[in-house]
Amino acid sequence: MFGARLSQVLSLGLVAPAVALSDAQRCAALAKTTIKNVHSLDTVYLRANESYRVPASCGMGLGDDLLAQTSVNVCVVNAVYNTSRTSATRIEVWLPDQDAWYGRIMGTGTGGLGGCVDYDDLKWGPALHFATFGHDSGHDGMSGAAFARSDEVVVDYATRSLHVAAQTSKLLVRKYYGRQQDKSYYVSCSNGGRQGMRNAQDYPHDFDGILAGSPAFNFINVAAMGGIANLAAAKLSDDDWTLVRKEVLRQCDGLDGLHDEIISDPDACQFLPEVLLCTGAKRADCLSVEQVEAVRTIHSPLYGAHGELLAARIDPGAESSTSFWPIVFGPSFYAFAQQWWQYVVYNDTTWQPTPHFGLKEIADANKREKQVPVNSFDPDLSAFRKRGGKLLTYHGRRDIVIPSGGSLMYYERVQHALSLPQSAMDDFYRLFLIPGMDHCYLGPGAWQFGQIGFGAWSNASDSNALLALVDWVEKGTGPETLRGSADGTAQSSRLHCKYPARSVWKADVQDWTCVEFP
Ligand SMILES: *[C@@H]1O[C@H](CO)[C@@H](O)[C@H](O)[C@H]1NC(C)=O
Ligand SMILES: *[C@@H]1O[C@H](CO)[C@@H](O)[C@H](O)[C@H]1NC(C)=O
Ligand SMILES: *[C@@H]1O[C@H](CO)[C@@H](O)[C@H](O)[C@H]1NC(C)=O
Ligand SMILES: *[C@@H]1O[C@H](CO)[C@@H](O)[C@H](O)[C@H]1NC(C)=O
């Protein structure tokens, strides 16, 4: 005891500089850091609300002007890390001032097939006192064309880029603040959600807490399902789809106890498209046999040649997700699938899907998967669980881009693979299914619950997923419910439930409650 105190005093005495450097001076000095495999490391001290032009062709949340800013002072570090002889990843770290840092790191991910640092999340962290980092997943720009250059670029995208970004950021944090972080967190959605799940599988020691939304895992089957749905959807006109949307709501909306255009639990709905079948020739108010078949394909799970479940269905109700509709059901083939098969599976820039795109292409992709594994669906989370990691996940039940059933599939596979009772799952892995939320955000549901910077309507940890995760990691109490808001007000708020509980409307109290069905 005495010895420890003495050495603390001594070391304080030794390191105390004659004149304390300002944050801006320490930021400039940080540029001289040498880190193995890192080159072109530079820094800029950015005052609150000042902007700087980012050194890349794209940035999520920046628009075309590429000017980034945040509401507090930060030391911005840009570094390029050589991940192999033929690949590199750009890492960007935003370090709040010394007296504004609470000892936490927050990592962020990338969306789509990109390539673009997520500035929406990057500016969120420092305001909440996190040292925050982003990365470009190993290539610049939103296109997957870079994947054809080298398999190493795909490996970065799949898993390596986030890992080296986490390691590099931890080194920079230690250098800038003179001590290492207390806890590290990761926050992202969609492909960034997949990167978070994959990180828990591959590098369980990178993060103490992971908030991963709407993950694009089970990557190949889900991308194929999007492609198959895209081809089927083209068999219906816009007016036909209006008909289907109405019929889905008629059959499914009231099952949760309230007619509000939100299907809280699509699993409870056996949608029957044949109700719309024309008795004679095709008319405006009904569908042809071929069209009914197309709708059924979209709302059915994808099975393999031996009857094995490959991917979850697109939830009934998701066709009402107008903001994300064009990504999957638009006139061009689902871009995820187009680019993956074009650049990675076949490396043929002229590749186009046939009308029978499906199991054959999945088999071809699975062959490439052996060289460049991207699926990220390994249910063995035992190492992450053992080191005390906490995994908080969510998925919108109106997600047309990545169907929410995939998150259920994975949850159940982990539970099965690790043979854990519910209470043990609750100790490290919690899933929230968000009624009426589209892909990662938007929709008629209470989609703002602190899962992303622009969806943080409250800083209370019962209404903010990031801060709930911090409480879980640091105080041991995980969230049972999360209160989301549809428009940022308490009036439009409703409770979201931890799986396996589902939300049910209680007419007597005029509110939602979480109910576990036996
Ligand atoms: C990283 O790769 C670039 C381009 O190939 C090269 O110029 C640079 O010297 C490499 N730096 C390190 C630290 O490996
Ligand atoms: C930054 O901008 C916000 C919003 O305009 C303002 O409230 C805040 O005071 C500004 N901060 C500084 C340090 O200028
Ligand atoms: C893809 O094809 C191009 C052009 O033929 C070639 O240069 C490249 O090495 C190939 N990529 C891979 C990953 O094999
Ligand atoms: C949450 O805290 C941050 C940092 O203090 C602040 O900028 C933000 O406005 C707060 N959000 C709400 C909804 O109070």
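Just so you know, these numbers use all the heavy atoms, side chains as well, and skip hydrogens, waters and symmetry mates. Whatever order the structure lists ligands and atoms in, that order sets their numbers, starting from 1. These numbers come from a predicted model, not from an experiment.
A centroid separation of less than 6.0 Å is found between the aromatic rings of Phe219 and Trp340. Annotation: Phe384 is not in aromatic contact with Phe207 [ring centroid separation under 6.0 Å not met].
Residues satisfying the side chain to side chain contact (heavy atoms under 4.5 Å, CB included) criterion with Val76, sequence neighbours excluded, are Val44, Leu46, Tyr52, Val74, Asn78, Glu92, Trp94. Residues passing the ring-ring contact (aromatic ring centres under 6.0 Å, His included) test with Trp472: none are found, sequence neighbours excluded.
Between the side chains of Thr89 and Ser161, at least one donor N or O sits under 3.5 Å from an acceptor N or O.
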* Asked: How far apart are the C-alpha atoms of Tyr441 and Phe324, what are their side-chain angles, what is the distance that settles it, and do they pass the ring-ring contact (aromatic ring centres under 6.0 Å, His included) test?
  -> CA-CA 10 Å; Tyr441 47 82; Phe324 291 92; 5.8 Å; yes

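Residue-ligand proximity: Ala127 is placed with a non-hydrogen atom under 4.0 Å from ligand 4.
For ligand 3, the polar-atom distance check finds no N/O of Arg149 at less than 3.5 Å from any of the ligand's N/O atoms. At least one N or O atom of Ala148 sits closer than 3.5 Å to an N or O atom of ligand 3. Residue-to-ligand polar distances keep Ser458 apart from ligand 4: every N/O pair is separated by 3.5 Å or more.
Residue-ligand proximity, Trp457 to ligand 4, at heavy-atom distances under 4.0 Å covers atoms 13 (C). Residue-ligand proximity, Asp151 to ligand 3, at heavy-atom distances under 4.0 Å covers atoms 13 (C). Close contacts of ligand 4 with Asn459, meaning ligand atoms under 4.0 Å from a residue heavy atom, involve 1 (C), 2 (O), 3 (C), 8 (C), 10 (C), 11 (N), 12 (C), 14 (O).
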Could you check ligand 1 for N or O atoms lying under 3.5 Å from protein N or O atoms and list the pairs with distances?
from: ligand 1; atom 1: 2 (O); to: Asn82; atom 2: OD1; distance (Å): 3.3
from: ligand 1; atom 1: 2 (O); to: Asn82; atom 2: ND2; distance (Å): 2.4
from: ligand 1; atom 1: 11 (N); to: Asn82; atom 2: ND2; distance (Å): 3.0
from: ligand 1; atom 1: 14 (O); to: Asn82; atom 2: ND2; distance (Å): 2.9

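The neighbour count for Lys498 NZ, taken as heavy atoms of other residues, nucleotides or ligands under 6.0 Å away, is above 12.
In this pair, Phe377 and Tyr410 present their aromatic rings tilted. The plane angle is within the 30 to 60° band.
Listed by first and then second residue, the salt bridge (charged side-chain N to carboxylate O under 4.0 Å, His left out) pairs that reach into residues 54-63 come to none, sequence neighbours excluded.
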